[in-house]
Amino acid sequence: MGSTSAHKNEGLGRRDVIKRSAALGLISVPTMGFLSACASSDGGSDKKVEKGKATKANPLGVNETAPLEVVIFDGGFGQQYAIDAEKKYNAAFPKAPKVKHVATQKIQSQLQPRFNGGTPPDLIDNSGAEQMDMGVLVGKKQLLDLTPLMDAPSIDDPSKKVRDTLRPGVLEMGQFDGDPVWIMYYAYTVYGVWYSQTALEKLDAEYPEDWDAMLALCAKAKKQGIAGWTYAGKYPYYLPFSLYPFIAKIGGREVLDKIDNLEPNAWKDPAVKAAFEAYYELYQKGYILKGTPGLTHIQSQTEWTKGKALFIPNGSWVENEAAPTTPKDFKMMVAPPSGLDSSDKLPFGTIWASGGEPFIVPANAKNPEGGMEQLRIMLSEESSKNFTKQVKSLSAFNGGTDGLTLSTAMQSGVDSLKKAGDNVVNPRLQDWYVKLQKEQIGVAGIGEMMAGRATPAEAIKKIQAFADAAAKDQSIKHYKHQ
C-alpha cells in the first residue's frame, strides 16, 4: 500500500509500490450551456457613447460625461476594494454620473441576457462558480482588446506603460492567441497547500517535503482525532490547486503543457498516474475529513479553521474568505505541494502562482474606455495597497507591499514565490476550457476518485476521454502554449 517514513521499501519508488481499487460512480453537475449561447450573440448596442478627447490626464479618451457600470463578483475578495477605486473614477470624472456598482455571485445568470441582447456592463469581474467561459468569449470575439490599456501611461509614473508595472506572467495570461490582451487578472494568486502553523506546532511537526513524510504526518494527526486533509467536495476543481503543481514537480512542467494543449494521451503520463495514486492514498488510509465530498468551499474552509483537518488545497483568497472563522492564533500559511520522491523532475518549492480575479471589458460595452480607465486606476500603487490591506492578497501591480505589515499567510506566499524562483507553473486549463476543467476533470474525474467512487486508473481514463472530446470539438476555439 505504499511506504511511510516508518516503513521504507528499499529500491522501489512510490510509483512502483502504490496499487489501488475502488468502485466507479458519477455525479451530475450544472451545465454551462449559457456560455456558447451568450458568446455567440453578434448583436451590438447602438448606444455606445462617443469617445472623449485623449489628453495627458485622460490618455484613454474617456467620455467625461458618460455613465460607467461595473459588475463585481462578491466572493473571497468582497467588493469594497472596487468601490474605493470607483470613488477615484468619480473624482477624476466629476461630470459623469456616479459609477453604477453591482455586486453578485451570479455572474453567468445575471449577465446572460445582457450579453445576448448586446447590452453588457462596461467592466466585469468574471469570477466565481458562475464564471463565464473566457476561452469561449475570446473565441467568439465578445471581449475588448485591452492593449490600449496596457500601452497607456501608468498613474504613478507616466514614463512607464501599464504593462511595465505588472507582475511576471500577468499580461501573458490575458493573451490567448497572439498579442491582443483580452483579460486583466487583477489579483496575484498563490495556489498550494494551506495549513495552520499553530496546528503543526501542536503536533511537533514541520510541513512535509515528500509524500512519505506527508503520510506519516497524516497518520500522526489521525491518532489525535485530526484529519490530514479536507477540500471543497462539492467543487473538487479546487484540488488541482495543489495537484497540478504536484504533477509538474514529478514529471516536469512539460506534462502540464501537454495537458493544456489537449495532446493525445497527455493524462496517461506516468507523472499524472503517480500523483493521482498518491492523492488516492489519502482517501484509502482515511486521511480525508469524513463528509468532505459533501462540503462546499466555505464549509470545508470552516472545518479546516476549526482544526478538524491539517491541510486544504486553495488559493490566496482563502485568508480573506475564511477570516470570519479563523482563530487569532491560527498562523495561516501556504506551502508548495510535497514532493513524491527523489526522482521528481523539479525541486521542492515548485508552486502554482498566477494572475487571478479576471476582469473583462465586453466588446459591446457602452463605455469601453471608461471600463479600461477604471482598471488603470485599480492598477495604481495606492489602489493596489488598498486591495492588499483589505483582502490580504497581492495584486497584479508589481509592488504595493512596501510599508505594509503582512500577515503570516501573505508573508508565506511571498516567501514561497521567492523559494520557487523559476519553478512557478501556470496551468491554463481553467482559463482556456472552463467546462472541461470544472465539470469534467474536476467534478466527474478527480472528485469521483477522491470520494472513493473511482480508482486513479478509472479517473485518468475518463478524464482523457473528456480531453479528447474537447480536442475534437470544433464548436470551441482551441489554444496552445506558444
Side-chain angles (χ1 to χ4, degrees), residues 35 39 59-60 115 120 122-127 131-154 160-191 240 244-245 248 253-254 256-263 266 315 352-365 368-369 371-376 378-379 384 394-398 417 422 424-438 470-471 476-482:
L35 299 168
L60 292 169
F115 266 86
D122 302 306
L123 180 63
I124 302 167
D125 174 14
N126 182 30
S127 190
Q131 178 188 64
M132 294 178 285
D133 191 324
M134 288 173 291
V136 171
L137 292 174
V138 171
K140 297 295 184 179
K141 304 187 187 309
Q142 289 293 298
L143 301 185
L144 186 76
D145 178 7
L146 301 179
T147 298
L149 166 64
M150 296 298 116
D151 290 336
S154 73
K160 286 185 177 180
K161 295 180 179 180
V162 169
R163 68 170 68 237
D164 298 326
T165 68
L166 303 179
R167 293 185 185 276
V170 171
L171 184 142
E172 288 78 11
M173 278 195 69
Q175 296 173 317
F176 276 55
D177 199 7
D179 293 332
V181 181
W182 305 109
I183 303 159
M184 178 62 243
Y185 288 87
Y186 186 63
Y188 196 72
T189 302
V190 178
Y191 302 95
Y244 284 179
R253 67 177 69 238
E254 60 270 18
L256 294 185
D257 287 351
K258 290 176 182 178
I259 287 172
D260 285 342
N261 291 343
L262 303 181
E263 293 183 21
W352 179 0
S354 64
E357 215 61 12
F359 278 76
I360 55 176
V361 177
N364 290 330
E369 290 80 23
M372 287 193 289
E373 178 63 19
Q374 182 62 65
L375 282 175
R376 193 172 79 99
M378 290 169 62
L379 288 167
S384 176
L394 300 173
S395 80
F397 176 79
N398 196 2
L417 290 173
D422 293 334
V424 175
V425 297
N426 183 11
R428 301 306 305 277
L429 276 183
Q430 67 174 3
D431 311 312
W432 292 349
Y433 310 107
V434 172
K435 179 180 178 181
L436 173 64
Q437 166 67 10
K438 288 189 173 182
I476 61 176
K477 183 172 176 59
H478 297 101
Y479 303 96
K480 289 187 182 297
H481 285 277
Q482 300 298 311

Please report the closest heavy-atom contact between [X] and [Y], naming both atoms and the distance.
X    : Y    : answer
T147 : D179 : OG1-O, 4.2 Å
P240 : P245 : O-CD, 3.5 Å
P120 : A365 : CG-N, 4.1 Å
D145 : M372 : O-SD, 4.4 Å
I476 : A470 : CD1-O, 3.6 Å

Taking atom [atom1] of [X] and atom [atom2] of [Y], what is their separation to the nearest 0.5 Å?
X    : Y    : atom1 : atom2 : answer
Q131 : E357 : CD    : CD    : 9.0 Å
D125 : F359 : CG    : CZ    : 4.0 Å
L60  : Q374 : CG    : CD    : 12.0 Å
Y185 : N126 : OH    : CG    : 8.5 Å
L262 : L429 : CG    : CG    : 6.5 Å
Y188 : R167 : OH    : CZ    : 7.5 Å

Would you please name every residue forming a side-chain hydrogen bond (donor to acceptor under 3.5 Å, both in side chains) with [X], sequence neighbours left out?
X    : answer
S154 : none
N426 : none
K258 : none

Partners of [X] by side-chain contact (heavy atoms from CB on, under 4.5 Å), sequence neighbours excluded?
X    : result
L143 : L137, V138, W182, I183, I360
K161 : D151, R163, D164
Q430 : Y191, F241, W352, Q437
E369 : K51, V62, N367

Heavy-atom donor-acceptor pair, D260 side chain to P427 backbone, under 3.5 Å: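 The answer is no, because no donor-acceptor pair under 3.5 Å joins these two groups.
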By salt bridge (charged side-chain N to carboxylate O under 4.0 Å, His left out), which residues pair with [X], not counting sequence neighbours?
X    : answer
E373 : R376
R253 : none
R428 : D431

Beyond-backbone contact of Q142 with M132, side-chain heavy atoms, under 4.5 angstrom: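 The answer is no; the side chains never approach within 4.5 Å.
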pair P168-N398: side-chain heavy atoms closer than 4.5 Å: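 Counting from C-beta outward, P168 and N398 do come under 4.5 Å.
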Aromatic plane relationship, H478 with Y433 - under 30° parallel, 30 to 60° tilted, over 60° perpendicular: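 Tilted.
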Greater than 12 external heavy atoms within 6.0 Å of K480's NZ: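 Yes, NZ of K480 has more than 12 neighbouring heavy atoms, counting only those of other groups under 6.0 Å.
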Residue list, ring pair (Phe, Tyr, Trp, His ring centres under 6.0 Å) with H481, at least two apart or on another chain: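 With sequence neighbours excluded, H481 shows a ring pair (Phe, Tyr, Trp, His ring centres under 6.0 Å) to W432, given in chain and number order.
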